[in-house]
There are 2 protein chains.
Amino acid sequence: MHCYVFGMALEHAILVALAERAGSGYELARRFDKSIGFFYGASHQQIYRTLKRMDGDGWISCETVPQQGRPDKKVYSVGADGRVELRRWLAEPSSPTVLRDELSLKIRGASHGDLSVLLEDVRNHRTEHQLRLQLYRQLEAREFPDPGTLSGMALHQYLVQRGGIVLEEGLIAWYDEILTALHNDVKGLTA
Amino acid sequence: MHCYVFGMALEHAILVALAERAGSGYELARRFDKSIGFFYGASHQQIYRTLKRMDGDGWISCETVPQQGRPDKKVYSVGADGRVELRRWLAEPSSPTVLRDELSLKIRGASHGDLSVLLEDVRNHRTEHQLRLQLYRQLEAREFPDPGTLSGMALHQYLVQRGGIVLEEGLIAWYDEILTALHNDVKGLTA
DNA sequence: GTCTGCATGTAACTGGTTACATGATTAT
DNA sequence: ATAATCATGTAACCAGTTACATGCAGAC
């Protein structure tokens, strides 16, 4: 009767982010809106709370930085214990990918509701993911103009970016398939 | 100051499942291990708890069915109020796709740990998703041999299945990209 | 004067995970 | 004997969401 203890991974996401570059809670929240956050979302409240706990555990340390014209900020950086924990966590088998997609559930239950409203929903999701894909491709072109030459950290960041692109492309192809199939289906029913 | 209230979607997943076919908590847990569950995971404890609440809310009703040689089971089915709620929920804009992938986080932080251990982890994930993809393709071939002729519920189920296939293919392509790139990187460093 | 950005948090709630608990039947 | 499948749950805990709360600076 074995049992893996997964979870509490936001701490590790923050550890990775702070190991790349020290930063404040606010700034981490911005970073989690982009890059890292696309694979691991987190709200600012969650981030502040977790930073406090990690500071208490001695994984990170905090320095208050006064600024002119702006509120003070607390800049956190990874300490020795945090680096040990990061290493430990990296060596651990990672938990399976979790996908939670309400839209696919609605597609599955589509016959119990209004199909045209649902199609509008699919179109909206498609638009959103199309925008995100464009953003990813822009970032890719700007930050990694010559992928063949990358190594180390830059290569790792590039590979994660690639994952985002591949997934978004897949989603969009899927939305198109849904729209085509259900559009034909609606026409077939009303004709 | 608008605010969408998302969440509590397991109830709706169960509503969709029970609208397809009435069933017990145990049986729903089995179904959530397959098909629906790939896009919306849920443990049996969660399912039992939620079924109880939904019964209390009058969305579903329960009938105890005695069996020979097996424990009694409680078979739930969707009632009138549940069907109303299902309709209401279907018309609502659906929450964005949530992806939580620890592995991509580890790739990003790879330089702070042992790369070969991480590559093993990527290989394991690849194997798991390859198996799942094979399963999906088997199901597709068995249940939907002639996709062009589908309509209604069968078409909707097929489309969700297609989403699974597209996503798994994307993930596997990504894992291969990672393995190729990091394998070269490791060789470059040790050479 | 109003909105956006910077910057930090608390409190209440909801949803999800883990561990524990029981007990019969069937197959190896 | 031992494990797997069928079948149901409770309790404690942990993680994530939503709402509320404050306050300054600079742009329009």
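Chain letters run A, B, ... following the sequence lines, proteins first, then strands; residues in each count from 1.
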For [X] and [N], give me the distance from atom [atom1] to atom [atom2], rounded to whole Å.
X: B:Asp33; N: D:dT5; atom1: CG; atom2: P; result: 11 Å
X: B:Tyr40; N: C:dG15; atom1: OH; atom2: P; result: 9 Å
X: B:Tyr76; N: D:dA7; atom1: OH; atom2: P; result: 14 Å
X: B:Lys73; N: C:dA24; atom1: NZ; atom2: C1'; result: 16 Å
X: B:Gln67; N: C:dG23; atom1: CD; atom2: C1'; result: 15 Å
X: B:Arg30; N: D:dA4; atom1: CZ; atom2: C1'; result: 11 Å
X: B:Ile47; N: D:dT8; atom1: CD1; atom2: P; result: 11 Å
X: A:Glu63; N: C:dA7; atom1: CD; atom2: P; result: 15 Å

Margin query: So if I take the C1' atoms of five pairs at each end of the helix from C:dG1-D:dC28 to C:dT28-D:dA1 and get each local axis, what angle do the two axes make, rounded to 10 degrees?
Written below: 30°
Note to self: With salt bridge (Lys or Arg N to Asp or Glu O under 4.0 Å) as the rule and sequence neighbours excluded, what pairs involving residues 22-42 of chain A come up?
What the structure shows: A:Arg21-A:Glu27, A:Glu27-A:Arg31, A:Arg30-A:Asp33
Shortest side-chain distance from [X], nucleotide among [options]:
X: B:His44; options: D:dC6, C:dA7, D:dG9; result: D:dG9
X: B:Leu10; options: C:dG9, D:dT8, C:dG16; result: C:dG16
X: A:Tyr48; options: C:dT17, D:dT5, C:dA7; result: C:dA7
X: B:Lys52; options: D:dG9, C:dG16, D:dT8; result: D:dG9

Next item on the list: Check every strand shown and say whether A:Gln45 touches a base, only sugar-phosphate, or nothing at a heavy-atom separation below 4.0 Å.
Entry: base
Next item on the list: Would you classify B:Ser24 as touching base, sugar-phosphate or nothing, given that sugar-phosphate means primed atoms plus P, OP1 and OP2, and contacts are heavy atoms under 4.0 Å?
Entry: sugar-phosphate
Notebook entry, point to check: Looking only at N and O atoms, is any donor in the side chain of A:Arg100 or the base of C:dG15 less than 3.5 Å from an acceptor on the other one?
Noted result: no
Note to self: Quiz question: going by heavy-atom distance under 3.5 Å, is there a donor-acceptor pair between the base of D:dT17 and the side chain of A:Arg49?
What the structure shows: yes
Next item on the list: Apply ring pair (Phe, Tyr, Trp, His ring centres under 6.0 Å) to B:His112 and list each qualifying residue two or more places apart in sequence or on a separate chain.
Entry: none
Notebook entry, point to check: With sequence neighbours left out, what residues match B:Phe38 under ring pair (Phe, Tyr, Trp, His ring centres under 6.0 Å)?
Noted result: B:Tyr136
Check: On the ring face of A:Tyr40, is B:Arg100 found with NZ or CZ under 6.0 Å from the centre and within 45° of the axis?
Finding: yes
Next item on the list: Take B:Glu27 and A:Gln46, find for each the nucleotide of DNA chain D with the closest heavy atom, and name the residue whose nucleotide sits nearer the 5' end.
Entry: B:Glu27
Side-chain donor/acceptor pairs under 3.5 Å, residues 145-164 of chain A, sequence neighbours excluded:
residue  : atom : partner  : partner atom : Å
A:Thr149 : OG1  : A:Asp146 : O            : 2.8
A:His156 : ND1  : A:Gly152 : O            : 3.4
A:Arg162 : NE   : B:Glu177 : OE1          : 3.4
A:Arg162 : NE   : B:Glu177 : OE2          : 2.7
A:Arg162 : NH2  : B:Glu177 : OE1          : 3.4

Distance-only criterion, 3.5 Å: show the donor-acceptor pairs between side-chain atoms of residues 57-80 of chain A and protein atoms not counting sequence neighbours.
residue : atom : partner : partner atom : Å
A:Gln67 : NE2  : A:Pro71 : O            : 2.8

Check: Between A:Arg137 and A:Glu140, is there a side-chain N and carboxylate O pair less than 4.0 Å apart?
Finding: no
Next item on the list: For the pair B:Glu128 and B:Arg132, find out whether any cationic side-chain nitrogen is under 4.0 Å from an anionic carboxylate oxygen.
Entry: no
Next item on the list: Could you list who else is in A:Leu131's hydrophobic cluster, with ILVMFWY side chains joined at under 4.5 Å, directly or through other members?
Entry: none
Item checked: By side-chain hydrogen bond (donor to acceptor under 3.5 Å, both in side chains) - contacts of A:His125 (at least two apart) -> B:Ser94
Return the polar atom pairs (N/O with N/O) between nucleotides 23-28 of chain D and the protein under 3.5 Å, or none.
residue : atom : partner : partner atom : Å
D:dA25  : O4'  : A:Gly69 : O            : 3.4

